[in-house]
A.B. asks: 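Below is a structure I'd like to ask you about.
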Amino acid sequence: MSAKTAKSSRRNPWAWIPTLYFAQGLPYVAVMTISVIMYKRLGISNTDIALYTGWLYLPWVIKPFWSPFVDIIRTKRWWTLTMQWLIAFALAGIAFTIPAPLFFQLTLAIFWIVGFTSATHDIAADGFYMLALSEHEQSLYVGIRSTFYRVATVAGQGLLVIVAGLIETNSGLEPLRINVNADPAVEWSAPSLDAIDAAEADLAGELAFYTPATDMNVAVATPAEVTAIIGGEERTVPFGAYSALMRDSVKHLNERNGFVAAEAPKTTKTETETQAAPAESAFTRWVRDTFGEERREYTARNNNFAIAGLRLNRKPAPGEQIVLNVTHKSGDQSIRLEQTALSTRFVFDETNWDKTAYLFYEVDHKLTSPTSASFEGASGNIPMAWMVVFAVLSTFFFIVAAYHSWALPRPAADGRNEAGTTAAGIIREFFETFKSFFRKNQVWTAIAFMLLYRLPEAQLVKLINPFLLDPIDKGGLGLTTGQVGIVYGTVGIIGLTIGGIIGGIVAAKGGLRRWLWPMAWSMSLTCLTFVYLSYATAPSLLTVNVCVFIEQFGYGFGFTAYMLYLIYFSEGRHKTAHYAICTGFMALGMMLPGMAAGWLQETIGYRHFFIWTMVCCAATIGICAFLKIDPEFGRKKTE
């Protein structure tokens, strides 16, 4: 074969890397996020959703343990394509079983299949990436692959959910729309649960949902105490207790009238147990006394709430059930529809059509200017909506599997492992994979790097949102929920993505060894932005956005060195399995520090906590000094 022919038979990486990593991200989102939303819309209780979908993460946790089989049996290209075909059929199975009587059990079982198949696809795709690309190309495209993985997560939990919502909205009764307007200038007034009962039903009109107040004006500030009739007698209670009481009343009424299925009562603590605070350990007291910052007195403030009522205007046909799902449509996320403790899915039929279902809204007390949010109730064909979503996902995977059958190159390095032809050979090679990993040069240094390089960020990431949300007198920035959504959920993601792309470009030019130190310092020094924010006096929203962008850019840029080192350390005979093992240590390095971050912050305060993360940067910088990296790794080699 001539050099020209060999070159032409090799696919341009742009032809398959974006689609491969977009396809890698979608099943994860389908299993971990879309499944939760779908079950919620289909009426599964919060208890069951949390219990059963929480276990679906297990395949990604334990995938290093079967990664050697992907290395031993067949090629990485074969595994990648086979998993994509299996995912396509499994997603189609979810679509077909949604209308079934035992849909929860059936779809959950298939989600398990998707989870294990997707985790195996991750192993194979990452291994194929290392085999199909040169070291220089691996450096160049490391940011691109991360970008398209993130795009898949956005498309999965954004675009696909929107598609389901549009089908629900357009396949049922006229959507019910409620606007909630929060204004600091509005004076607080107690809500009335039975205001809607006085409204007359339009018995002659078409079947429709209605509410007496499509536009609700709500105060932001709340009184310290409220006098109300509780248990048949007039009592004065703190506003927080009054708000909780009203929320419980809404829950009770919705369950009593048959709109929401009552969940099994949870075991409650006795009054003595509830009031007794857990004893503080001697170690916690020592940490607080030694390293804790001087705390200012904190005055807790309550969010206000609003209650909306809705019902049908006339009786539905005998045996007919009309399900209404209410969701946030647009506007400020600081006005929140309570969905954690209360259901926003209501079932109407001939027995309860003339009764009122209630919605409970919370208004962020940190709002300083008028704002509003719009909510929509859709009563369309919910099973059909989610059938379409999973049919679309399935179709996409059929298309992408067919496309990758052509687009994925056939690298010579991706050959079949001869040890995988017999059972004895497979077992021998399986154990040899783990042995060879721990026999690698600098293995313990590498493991220390995997655990320590992201030590500051592993703690920081757990407290960024709480810091942005907590009120100023508690040490936070006092941002509203909507502002945090923009600052961290939008500006931060943009910074993270740009940092990763630029990191891949510069690493491809200079190599990993040359850029390791700048990237380690980038990962470390950008944490100073939160030290600054914690000490700054009333920083503007622009300043907060700039600081979060810088910190997330630095993390994205510095994370490039981490990913490239995992690839570098995995080089060798079992690189696919070894890379999967490295990702296990990567997850452990994020999990363990993150578990203690909340306790530490509460003990020493935000300012000293952020200073502590800067101290931890010594681990990031220090461990890099012990790494031995080939200076040519990642650089473009001259022909």
Side-chain angles (χ1 to χ4, degrees), residues 45-47 178 180-201 210-213 216-278 297-311 326 335-344 346-348 351-367 471:
S45 71
N46 288 348
T47 302
I178 300 175
V180 182
N181 310 304
D183 190 342
V186 172
E187 187 175 347
W188 183 86
S189 60
S192 174
L193 289 181
D194 53 12
I196 192 172
D197 295 331
E200 295 184 5
Y210 76 97
T211 179
M216 302 173 59
N217 296 316
V218 187
V220 174
T222 60
E225 296 180 330
V226 176
T227 300
I229 304 298
I230 302 174
E233 61 180 67
E234 188 175 84
R235 294 173 56 188
T236 299
V237 295
F239 185 85
Y242 173 71
S243 175
L245 179 67
M246 295 298 288
R247 186 188 61 205
D248 291 343
S249 297
V250 165
K251 185 176 189 296
H252 171 70
L253 288 171
N254 286 339
E255 292 177 351
R256 188 187 69 182
N257 292 328
F259 299 116
V260 177
E263 294 189 26
K266 299 177 182 178
T267 304
T268 57
K269 297 180 181 180
T270 65
E271 186 175 349
T272 304
E273 290 174 326
T274 303
Q275 292 176 351
E297 187 176 348
Y298 168 63
T299 304
R301 292 178 58 193
N302 297 300
N303 290 334
N304 194 16
F305 67 92
I307 297 176
L310 55 99
R311 56 183 269 202
V326 185
I335 302 173
R336 184 176 67 90
L337 182 61
E338 171 57 62
Q339 300 177 74
T340 304
L342 304 178
S343 175
T344 55
F346 308 112
V347 180
F348 291 81
T351 66
N352 64 2
W353 69 276
D354 57 346
K355 296 181 176 65
T356 303
Y358 295 100
L359 298 166
F360 189 94
Y361 300 91
E362 280 197 3
V363 178
D364 196 320
H365 70 268
K366 297 186 290 294
L367 287 170

A.B. asks: To the nearest 0.5 Å, what is the distance between CE (M246) and CZ (F239)?
C.D. replies: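 These two atoms lie 9.5 Å from each other.
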
A.B. asks: State which residues pass side-chain hydrogen bond (donor to acceptor under 3.5 Å, both in side chains) with R336; sequence neighbours excluded, sorted by chain then number.
C.D. replies: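 Result, side-chain hydrogen bond (donor to acceptor under 3.5 Å, both in side chains) vs R336: E338, E362.
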
A.B. asks: Applying side-chain contact (heavy atoms from CB on, under 4.5 Å), name anything that partners T227, two or more places apart in sequence or on another chain.
C.D. replies: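 side-chain contact (heavy atoms from CB on, under 4.5 Å) list for T227, sorted by chain: E234, T236.
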
A.B. asks: So, taking the atom named CZ in R256 and the one named CG in N352, what distance separates them when rounded to the nearest 0.5 Å?
C.D. replies: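 CG of N352 is found 12.0 Å from CZ of R256.
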
A.B. asks: What's the shortest heavy-atom distance between N302 and H365, and which atoms?
C.D. replies: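 Smallest heavy-atom distance, with atoms named: O-CB, 3.4 Å.
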
A.B. asks: Which residues satisfy the side-chain hydrogen bond (donor to acceptor under 3.5 Å, both in side chains) test with E225, sequence neighbours excluded?
C.D. replies: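 Scan of E225 (side-chain hydrogen bond (donor to acceptor under 3.5 Å, both in side chains), adjacent residues dropped) gives none.
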
A.B. asks: Would you check if the side chain of D364 reaches a backbone N or O of K366 as a donor-acceptor pair within less than 3.5 Å?
C.D. replies: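 Flag set: sc D364 to bb K366 pair under 3.5 Å.
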
A.B. asks: Please round to the nearest 0.5 Å and tell me the distance separating atom OG1 of T211 and atom CG of L359.
C.D. replies: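 Here the rounded value is 8.0 Å.
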
A.B. asks: On a heavy-atom basis, which atom in G309 and which in T356 lie closest, and how many Å separate them?
C.D. replies: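 Smallest interatomic distance, heavy atoms only, reads CA-CG2, 3.8 Å.
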
A.B. asks: Who passes ring pair (Phe, Tyr, Trp, His ring centres under 6.0 Å) against F346, sequence neighbours left out?
C.D. replies: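 With sequence neighbours excluded, F346 shows a ring pair (Phe, Tyr, Trp, His ring centres under 6.0 Å) to no residue whatsoever.
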
A.B. asks: How long is the gap from CZ on R311 to OH on Y358, to the nearest 0.5 Å?
C.D. replies: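 Spacing of CZ (R311) from OH (Y358) equals 10.0 Å.
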
A.B. asks: Is there a donor-acceptor contact under 3.5 Å from the side chain of N254 to the main chain of T344?
C.D. replies: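 A pair under 3.5 Å: no.
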
A.B. asks: Show which side-chain atoms of residues 180-189 pair as donor or acceptor with protein atoms under 3.5 Å away, not counting sequence neighbours.
C.D. replies:
| residue | atom | partner | partner atom | Å |
| --- | --- | --- | --- | --- |
| N181 | ND2 | N217 | OD1 | 3.2 |
| D183 | OD1 | A185 | N | 2.9 |
| W188 | NE1 | N304 | OD1 | 3.1 |

A.B. asks: With heavy-atom distances below 4.5 Å as the criterion, would you say the side chains of Y361 and V218 are in contact?
C.D. replies: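 No, their side chains stay 4.5 Å or more apart.
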
A.B. asks: Could you check whether any side-chain heavy atom of F259 comes within less than 4.5 Å of a side-chain heavy atom of V347, counting everything from C-beta outward?
C.D. replies: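 Side-chain contact under 4.5 Å: no.
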
A.B. asks: Which distance, rounded to the nearest 0.5 Å, do you find between the CD of E255 and the CG of N257?
C.D. replies: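 Rounded to the nearest 0.5 Å, the CD-CG separation comes to 10.5 Å.
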
A.B. asks: Are L245 and V237 packed together at the side-chain level, in the sense that at least one heavy-atom pair is separated by less than 4.5 angstrom?
C.D. replies: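 L245 vs V237: side chains apart.
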
A.B. asks: Just to verify, what does S249 make a side-chain hydrogen bond (donor to acceptor under 3.5 Å, both in side chains) with, not counting sequence neighbours?
C.D. replies: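 S249 satisfies side-chain hydrogen bond (donor to acceptor under 3.5 Å, both in side chains) with no residue once adjacent residues are dropped.
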
